[in-house]
Amino acid sequence: MARLQTPRSKISGLGSSGHGTHHYLVQRVSALALLVLVPFVLFQFLAAFTSGYDAAYIWVGSWVGTLSLLALVTAMFWHLRLGVQVVVEDYFGGWLRMVLLLISSFGCFGLWLISVLSILKVFFEG
Amino acid sequence: MAQLTLPKNSKITKGKHWPAPAGSDVAQVRTFRIYRYDPDADTGPRWDLFDVDISKCGPMTLHVLIYIKDEIDPTLSFRRSCREGICGSCAMNVDGRNTIACTKGVDELKGSGGVISISPLPHMAVIKDLVPDLSDFYAQHAAMEPFLRTTTPEPQKEWRQAPEDRDKLDGLYECIMCASCSTACPSYWWNGDKYLGPAALLQAYRWLIDSRDEATGERLDALEDPFRLYRCHTIMNCTQVCPKGLNPAKAIGEIKKMMLERMV
Ligand code: SF4
Ligand code: FES
C-alpha cells in the first residue's frame, strides 16, 4: 500500500544534508589539477621512456618525477572517487547505492595507496 | 534511481484509429498519435491515432486537441485554461519535446513518419490521458517558500527596491510553473524524490537574488545538499524546452556560484 503522506512531507523528506558544495568544489579543483598534471607527466614520462626502461626508472625516482607522480595519482583517484559517486547516486538507489559507494571508496583508496607506495619505493631505492 | 524500461502496466499498446471523415481535404489531414490511459479500465495505456483535417481547427496544437475532444472523441482528457501561454496548464510532450500545447503551432510540428505524437509530461504518474499527477512538483515549488521572507518590521508603504535590483528578477519571475523543464530532466526522472528540479530551483533563485529578501542564508542552507541542488549536471534540457524562453540551467549555475561565494 502506498504510504499515506502529503506531497510536501514527501518532498521535504529528511531535510537538507548540509553538504554538497565541498564535493562540487573539490571535483572541479582536482579536474583543474589534472588538466596540468596529465600532460606534464605524460610528456616527461614518454620522453624518458623512449630512452629505455632505465631512463624511465631514473625519471620516476627523481624529485620531479616522484612529486609530479604523487600529485597526479592523488588528484586522479580523488577525482575518480568523486566522479564515480555522482554516477552511482544518479543511477542506483537503496542498498545497491551504499554497496557501490563503499566499493568505489575502498577501491580508489586502495589503488591510490598501491600507487603511492610504488612511487616511493622507486624513489627510495633509486 | 534510473529506470530504463517501462514497468509492465505502463507498456503502451496500439489503440484505436479514427480516420478523417469522408470528404475531408486530404492535403489538410495530419495524423496525431495520442497517449491514452483510462484509470477505470483494466487495460494499460495505448496510442490512439486521429486523422485530423487541420483546416477545421485553429492553428495551435491545443486547438487540435479541443477539436478532437469536441468532434471525434469526447473522452480525451487534457488540462487547459488560458489558451495563451500564461497558466501553464496545457504542458505536455508534443512531437518529442515538452512544451505548452496552446502556443505550439501545428505548422511547427514535424512528426515522424507522418505521425505527430502527443503524450503526457514524461516520467510522471498519469491520472488520465494527457493529465499527469503534478502534486510533488507543486510541493517542490511550495517548499521553496516563494514569497518575501523578512524579519524587519514591515514598512508602512512598501519594501523598496532599486531599479537595478528589480531588473535581476527579469527572466525568473515569468515562470508559469508548467513543469516542462523539470519533466524533461533525466536527473529529475531518476532522483525526483530528492532532486528539486529546474523549475523549483529557478523559483528558489528568484527569491535568493531578491534584494528585499532577508532569508537568503536560510534559503541557501535548505539547498545545500548533493541531491536537492547538485543533482543538476547541466544537461540543459530545461533551458531547451522552456516555452517561456527562461533559462533554469543558468539560475541553477548562479545558485551554485552563491554557494561557493559563501564558502570560499
Ligand atoms: S522554467 Fe519554463 S519550463 Fe520550467 S516551469 Fe517555468 S515556464 Fe515551465
Ligand atoms: S492553456 Fe494556459 S498555458 Fe496553455
Side-chain angles (χ1 to χ4, degrees), chain A residues 1-36 75 77-109, chain B residues 1-4 124-125 132-145 182 185-197 199-201 203-204 217-235 252-253 255-264:
Chain A
M1 198 188 95
R3 276 175 77 190
L4 289 176
Q5 197 181 21
T6 62
R8 181 62 187 269
S9 149
K10 199 162 108 194
I11 289 315
S12 299
L14 302 175
S16 97
S17 64
H19 69 97
T21 307
H22 185 256
H23 179 285
Y24 180 80
L25 182 66
V26 175
Q27 211 181 2
R28 267 134 199 92
V29 171
S30 55
L32 220 67
L34 285 173
L35 221 57
V36 179
F77 285 116
W78 202 352
H79 189 76
L80 179 70
R81 166 66 187 74
L82 296 174
V84 168
Q85 181 182 348
V86 172
V87 176
V88 168
E89 287 169 345
D90 276 350
Y91 289 97
F92 302 94
W95 62 268
L96 197 56
R97 178 184 283 170
M98 303 286 173
V99 171
L100 290 174
L101 285 178
L102 279 176
I103 292 175
S104 73
S105 296
F106 290 139
C108 288
F109 180 70
Chain B
M1 179 159 132
Q3 257 178 304
L4 300 177
M124 298 283 106
D133 182 353
L134 293 178
S135 318
D136 291 354
F137 175 80
Y138 296 138
Q140 280 154 341
H141 183 267
M144 295 304 98
E145 310 200 315
S182 294
C185 170
S187 258
Y188 191 75
W189 299 341
W190 309 150
N191 285 298
D193 53 336
K194 289 178 162 183
Y195 176 45
L196 290 163
L201 290 170
Q203 192 60 221
E218 286 140 62
R219 289 182 191 277
L220 285 176
D221 287 345
L223 299 178
E224 176 63 280
D225 186 271
F227 286 89
R228 286 183 166 196
L229 171 66
Y230 288 101
R231 250 345 71 189
C232 166
H233 303 317
T234 333
I235 299 167
I252 298 172
I255 300 178
K256 290 177 184 167
K257 264 199 230 161
M258 288 177 98
M259 290 288 193
L260 287 173
E261 201 182 322
R262 73 168 184 171
M263 195 171 108
V264 291

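Since the model is a prediction, treat every value here as computed from it, not as a measurement. The chains referred to below are lettered A, B, ... by the order of the sequence lines, with proteins before strands, and numbering in each begins at 1.
For B:M263, the part sitting under 4.5 Å from any heavy atom of chain A is the side chain, from C-beta outward, and nothing else. Heavy atoms closer than 4.5 Å to chain A are found in the backbone of B:A222, but not in its side chain.
The side-chain contact (heavy atoms from CB on, under 4.5 Å) test applied to A:F106 returns A:L102, not counting sequence neighbours. Under the side-chain hydrogen bond (donor to acceptor under 3.5 Å, both in side chains) criterion, A:S30 pairs with A:H79, not counting sequence neighbours. Judged as a side-chain contact (heavy atoms from CB on, under 4.5 Å), and not counting sequence neighbours, the contacts of A:I103 are A:V99.
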Between chain A and chain B, going by a 3.5 Å limit, which atoms form donor-acceptor pairs, if any?
unit_1, atom_1, unit_2, atom_2, d
A:K10, NZ, B:D136, OD1, 3.4
A:K10, NZ, B:D136, OD2, 2.8
A:S12, O, B:R228, NH2, 3.0
A:S16, OG, B:D221, O, 2.9
A:S16, OG, B:E224, O, 3.4
A:S17, N, B:D225, OD2, 2.7
A:S17, OG, B:D225, OD2, 2.9
A:G18, N, B:E224, O, 2.9
A:H19, N, B:E224, O, 3.4
A:H19, O, B:D225, N, 3.2
A:G20, N, B:E224, OE1, 3.3
A:T21, N, B:E224, OE1, 2.9
A:T21, OG1, B:E224, OE1, 2.9
A:T21, OG1, B:E224, OE2, 2.7
A:T21, OG1, B:Y230, OH, 2.8
A:V86, O, B:R231, NH1, 3.3
A:E89, O, B:N191, ND2, 3.3
A:E89, OE1, B:R231, NH2, 2.5
A:D90, O, B:N191, ND2, 3.3
A:D90, OD1, B:R231, NH1, 2.6
A:D90, OD1, B:H233, NE2, 3.0
A:D90, OD2, B:H233, NE2, 2.8
A:R97, NH2, B:N191, OD1, 3.2

